[in-house]
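Here's the structure we're looking at; comments come further down.
Counting starts at 1 for both ligands and their atoms, in listed order. Not measured: the values here are computed from a predicted model.
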Amino acid sequence: MFKINKNKIPYHVGFIMDGNGRWAQKRLLPRLAGHKAGVEALKRVTSAARELGIKELSFFAFSTENWQRDKEEVDGIFDLIEKHLEENFEKFIEEKVTITTMGDISKLPQKLYRLLIDITEKTKHNTEFVVNIALNYGSRAEVVRACNKLIEKGKKNITLQDFASELYTASMKDPDLIIRTSGEQRLSNFMLFQSAYAELYFTKTYWPDFTKKHLVKAIKNYQSRDRRFGKIKQEKNK
Ligand code: FPP
């Protein structure tokens with residue numbers, strides 16, 4: 001098996017973390033046990049990504065549709081996120097990690113909302129690594145929000161750049177690679193505008209089972225692809 005090419009590491013990787021519920025069900029555990037194991041996977045993947053030289057990560061943690069789940073599960077997911085952020089707040093600062101969010105976080109439980117405001121504010125000048133968490137996020141709503149912001153500014157004519165600068169990801173690069181676990185092969189309203197040229201990678205592995213080994217495999221697969229961005233392949237020696 002060929003080695004990972006250190007000169008072709010994706011800059012920004014997005015994760016659609018799917019399969020927590022099925023992972024738990026398979027073990028006859030409550031769904032929340034799957035989300036708890038999902039947080040462990042997120043920690044594992046974050047440090048592995050950093051070791052590999054990836055600079056930006058986006059995680060789909062809670063969609064606008066996820067409110068339709070049982071209250072117990074919704075509250076449980078928010079508690080897990082809050083616990084993870086509280087426990088790692090100092091570490092993010094020490095390790096110069098920027099935490100950003102995308103989605104309408106004002107609708108989240110007050111304590112989590114305030115924690116997110118505090119953590120994003122205190123880490124915004126960090127330079128080493130970005131972890132972007134999608135919470136109460138939907139890409140179509142993000143696009144409409146960007147349009148409304150431009151209308152509020154009185155814009156009559158806009159460029160792509162104007163538009164991109166009103167998205168939650170204004171300060172980030174577009175994702176190079178989107179990974180979705182658990183066998184589903186769709187984007188489910190995740191970073192639709194930003195993913196225009198992203199490579200998509202789908203694996204049957206449930207998110208709680210996703211390890212560095214799986215990430216390396218996804219990156220090798222990404223490196224084997226021919227990213228042309230609509231252009232014609234460059235011939236060698238030309
Ligand atoms: C999808 O699996 C997973 C979610 C909706 C929640 C993911 C959230 C976490 C892992 C917590 C994130 C933590 C931080 C710190 C950001 P599913 O429940 O839809 O699985 P299923 O399709 O098998 O039912």
Side-chain angles (χ1 to χ4, degrees), residues 13-50 56-93 95 97-105 107-109 111-120 123 129-139 168-169 172 178-191 202-211 214-215:
V13 182
F15 292 92
I16 303 176
M17 308 180 280
D18 202 2
N20 295 351
R22 278 164 283 167
W23 181 92
Q25 201 175 22
K26 216 172 92 183
R27 288 163 178 77
L28 306 177
L29 292 169
R31 292 181 60 83
L32 266 179
H35 297 312
K36 194 163 178 226
V39 176
E40 292 309 311
L42 177 142
K43 289 200 241 172
R44 241 182 357 248
V45 166
T46 304
S47 34
R50 202 160 174 182
E56 298 182 337
L57 300 178
S58 290
F59 291 102
F60 204 174
F62 195 85
S63 75
T64 43
E65 286 70 39
N66 287 152
W67 292 104
Q68 290 160 41
R69 297 185 179 206
D70 285 353
K71 188 172 182 319
E72 192 188 340
E73 182 175 350
V74 170
D75 290 346
I77 292 175
F78 292 147
D79 284 348
L80 284 169
I81 296 172
E82 189 180 303
K83 188 161 169 271
H84 170 73
L85 294 174
E86 270 174 348
E87 283 173 4
N88 291 281
F89 202 150
E90 289 305 316
K91 196 168 153 228
F92 296 141
I93 291 172
E95 297 184 358
V97 178
T98 305
I99 303 292
T100 58
T101 62
M102 49 181 193
D104 183 3
I105 60 167
K107 302 285 186 302
L108 303 179
K111 192 162 170 236
L112 176 57
Y113 171 69
R114 278 197 291 267
L115 177 62
L116 287 164
I117 295 289
D118 192 25
I119 214 162
T120 49
T123 62
F129 190 64
V130 179
V131 174
N132 176 33
I133 312 170
L135 287 160
N136 192 20
Y137 173 78
S139 185
Y168 292 112
T169 47
M172 299 176 80
I178 303 278
I179 297 175
R180 181 170 189 155
T181 55
S182 92
E184 314 297 348
Q185 301 195 8
R186 53 180 174 266
L187 286 176
S188 299
N189 210 7
F190 182 65
M191 299 185 104
F202 302 105
T203 167
K204 288 208 165 91
T205 305
Y206 291 149
W207 176 250
D209 288 328
F210 198 88
T211 62
H214 296 97
L215 179 63

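The minimum heavy-atom distance between L32 and I77, with the atom names listed, is CD2-N, 3.8 Å. The nearest pair of heavy atoms linking R44 to D209 is NH2-C, 3.9 Å.
Checked against salt bridge (Lys or Arg N to Asp or Glu O under 4.0 Å), R69 has the following partners two or more places apart in sequence or in another chain: E73.
The aromatic rings of F190 and F60 lie parallel to each other, with less than 30° between the two planes, well short of the 60° mark.
Counting non-hydrogen atoms of other residues, nucleotides and ligands closer than 6.0 Å to CD of E86 gives a total above 12.
Expressed to the nearest 0.5 Å, how far CD1 of I178 lies from CE of M191 amounts to 6.0 Å. Separating the CD1 atom in I119 from the CD1 atom in I133 is a distance of 7.5 Å, to the nearest 0.5 Å.
Residue-to-ligand polar distances place R31 within reach of ligand 1: an N/O pair is separated by less than 3.5 Å. Backbone and side-chain nitrogen or oxygen atoms of R22 are examined, and one is located within less than 3.5 angstrom of a nitrogen or oxygen of ligand 1. Polar contact with ligand 1: absent for W23 (N/O pair, distance under 3.5 Å). Note: an N/O pair closer than 3.5 Å links R69 and ligand 1 by distance alone. Residue I81 has no nitrogen or oxygen atom sitting less than 3.5 Å from a nitrogen or oxygen atom of ligand 1, judged on distance alone.
Remark: among candidates L32, N20, I16, the nearest residue to atom 10 (C) of ligand 1 is N20, based on non-hydrogen atoms.
Against a heavy-atom cut-off of under 4.0 Å, G38 is close to the following atoms of ligand 1: 10 (C). In the vicinity of G21, heavy-atom distances shorter than 4.0 Å reach the ligand 1 atoms 17 (P), 18 (O), 20 (O), 21 (P), 23 (O), 24 (O). Remark: ligand 1 atoms within the under-4.0 Å shell around heavy atoms of I133 are 16 (C). Atom numbering of ligand 1 starts at 1 in the shown order; those under 4.0 Å from a heavy atom of H84 are 15 (C).
Only the side chain of L42 comes within 4.0 Å of ligand 1, counting heavy atoms alone; its backbone N, CA, C and O stay farther away. The part of N66 lying near ligand 1 is the side chain, judged by heavy-atom distances below 4.0 Å.
In terms of modelled atom types and a separation under 3.5 Å, the side chain of D104 and the main chain of N136 share no donor-acceptor contact.
For the ligand labelled ligand 1, residue G19 lies inside the 4.0 Å heavy-atom shell.
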